[in-house]
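Down below is the structure, laid out as structure tokens.
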Amino acid sequence: MKRIRYMILRNLFLVPIMWIRLFYHAAHVDNYTEEQHFKMLRFIVKRANKGGNVTIETYGRENIPEKNGFIFFPNHQGLYDVLAILEACPKPFSVVAKKEVENHYFLKRVFSCMKAHMIDRNDIRQGLQVITEVAKEVAEGRNYIIFAEGTRSKNGNEVQDFKGGSFKAATKAKCPIVPVALIDSFQPFDSNTVTTPVTVQVHFLKPLSYEEYKDMKTTEIAAVVKKRIQEVIRQYS
């Protein structure tokens, strides 16, 4: 997290303006469209990345469905993951995140602007309610990120098992599933480097249509998505 200080110092003249805009958007969520929130967040993230010597390399942008109403399923490396995808993706999306993220001062406001859903991993009933609500919103045309590993990998680019239950929102919404391979996304916030340039790769993989996975169990879908992501990470890392 030391790099955040460097990002702030390198954008010192912009920080007060960006901070005020972020807080105002977060406090007045319904006064802006999803596109307006997203444009503001991308501006902040791009400036922060430039100031912090973080480069986002994006691959497979053509695999993002043209029609809204899909779910990204990336591997999970750390707190920076959503910010990497924010710069890489041209389309607005929201997030399903663990409740503990609300303790993070900056990300809490980012997720407020995204109208994200916070899931309590210790409350099964609340988790099911979140899945149902996300499925409904996706069916109505919103896009989401769900981290199927449940928790971030503590071994860098090594992918953990994907949980089948994470795919229930997709099966309920009957939406495209877009695997996303993140490479070195743990570096900006989770390493001790501060000024050393870091490159994060974001690979949007070919989506699975509902027709492709409708007869599969969620555990089988999870295995397929994990395998595709793992193959890309092994090839490019």
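Side chains are part of it too, since the values below use all heavy atoms of this structure and drop only hydrogens, waters and symmetry mates.
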Worksheet item: Would H28 and Y24 count as a close aromatic pair, with their ring centres under 6.0 Å?
Response: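 Ring-ring flag for H28/Y24: true, centres closer than 6.0 Å.
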
Discussion item. Please tell me whether Y213 and Y210 form a close aromatic pair, meaning their ring centres lie under 6.0 Å apart.
Written reply: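 Ring-ring flag for Y213/Y210: true, centres closer than 6.0 Å.
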
Fill in: Reference residue V202; test side chain to side chain contact (heavy atoms under 4.5 Å, CB included); the match among L182, L86, D81
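With V202 as partner, L182, L86, D81 yield a single side chain to side chain contact (heavy atoms under 4.5 Å, CB included), made by L182.
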
Worksheet item: Side chains of N49 and E87: is there a donor and an acceptor less than 3.5 Å apart?
Response: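 Indeed, the side chains of N49 and E87 share at least one donor-acceptor pair under 3.5 Å.
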
Worksheet entry | Donor + acceptor pair across side chains of Y59, R61 (<3.5 Å) |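 Checked: Y59/R61 side chains show no N/O donor-acceptor pair below 3.5 Å.
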
With heavy-atom distances below 4.5 Å as the criterion, would you say the side chains of [X] and [Y] are in contact?
X	Y	answer
M40	C113	yes
N53	V198	no
S94	R142	yes
V96	I71	no

Within 6.0 angstrom of [X] [atom1], more than 12 heavy atoms from elsewhere:
X	atom1	value
K168	NZ	no
K98	NZ	yes
K174	NZ	no

Can you tell me if [X] uses its side chain to pair, donor with acceptor, with the backbone of [Y] under 3.5 Å?
X	Y	result
E133	V130	no
N11	R47	yes
K99	M118	no
Q201	I183	no
T218	F167	no
Q160	E149	no

Discussion item. Check this for me, if you would: do E137 and K115 make a salt bridge, where the nitrogen-to-carboxylate-oxygen distance has to be below 4.0 angstrom?
Written reply: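 Result for this pair is no, no salt bridge flagged.
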
If you group Ile, Leu, Val, Met, Phe, Trp and Tyr by side-chain heavy-atom gaps below 4.5 Å, do [X] and [Y] land in one group?
X	Y	answer
L83	M114	yes
Y32	I17	no
F73	F204	no
V180	L205	no
I20	F106	no

Worksheet item: Can D184 and Y80 be said to form a side chain to side chain donor-acceptor pair (under 3.5 Å), step by step?
Response: CA-CA 10 Å; D184 291 337; Y80 186 77; over 6 Å; no

Euclidean distance, [Y] [atom2] relative to [X] [atom1], rounded to 0.5 Å:
X	Y	atom1	atom2	result
E66	I64	CD	CD1	11.0 Å
I221	K214	CD1	NZ	12.5 Å
I56	K50	CD1	NZ	14.5 Å
F72	C89	CZ	SG	4.0 Å
I124	I119	CD1	CD1	10.5 Å
K226	N75	NZ	CG	11.0 Å

Item to complete: Show your reasoning for whether ring pair (Phe, Tyr, Trp, His ring centres under 6.0 Å) applies to F93 and F38.
Response: CA-CA 8 Å; F93 59 84; F38 192 70; 5.7 Å; yes

Side-chain polar contacts of residues 228-237 - donor-acceptor pairs under 3.5 angstrom, sequence neighbours left out - could you list them?
residue : atom : partner : partner atom : Å
S237    : OG   : I233    : O            : 2.5

Worksheet entry | Over-ring placement of R21 relative to F23, 6.0 Å and 45° cut-offs |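 No - R21 does not lie over the ring of F23 by the 6.0 Å and 45° rule.
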
Worksheet item: Going through the checks in order, is the side chain to side chain donor-acceptor pair (under 3.5 Å) test met by E57 and H203?
Response: CA-CA 8 Å; E57 291 184 353; H203 296 257; over 6 Å; no

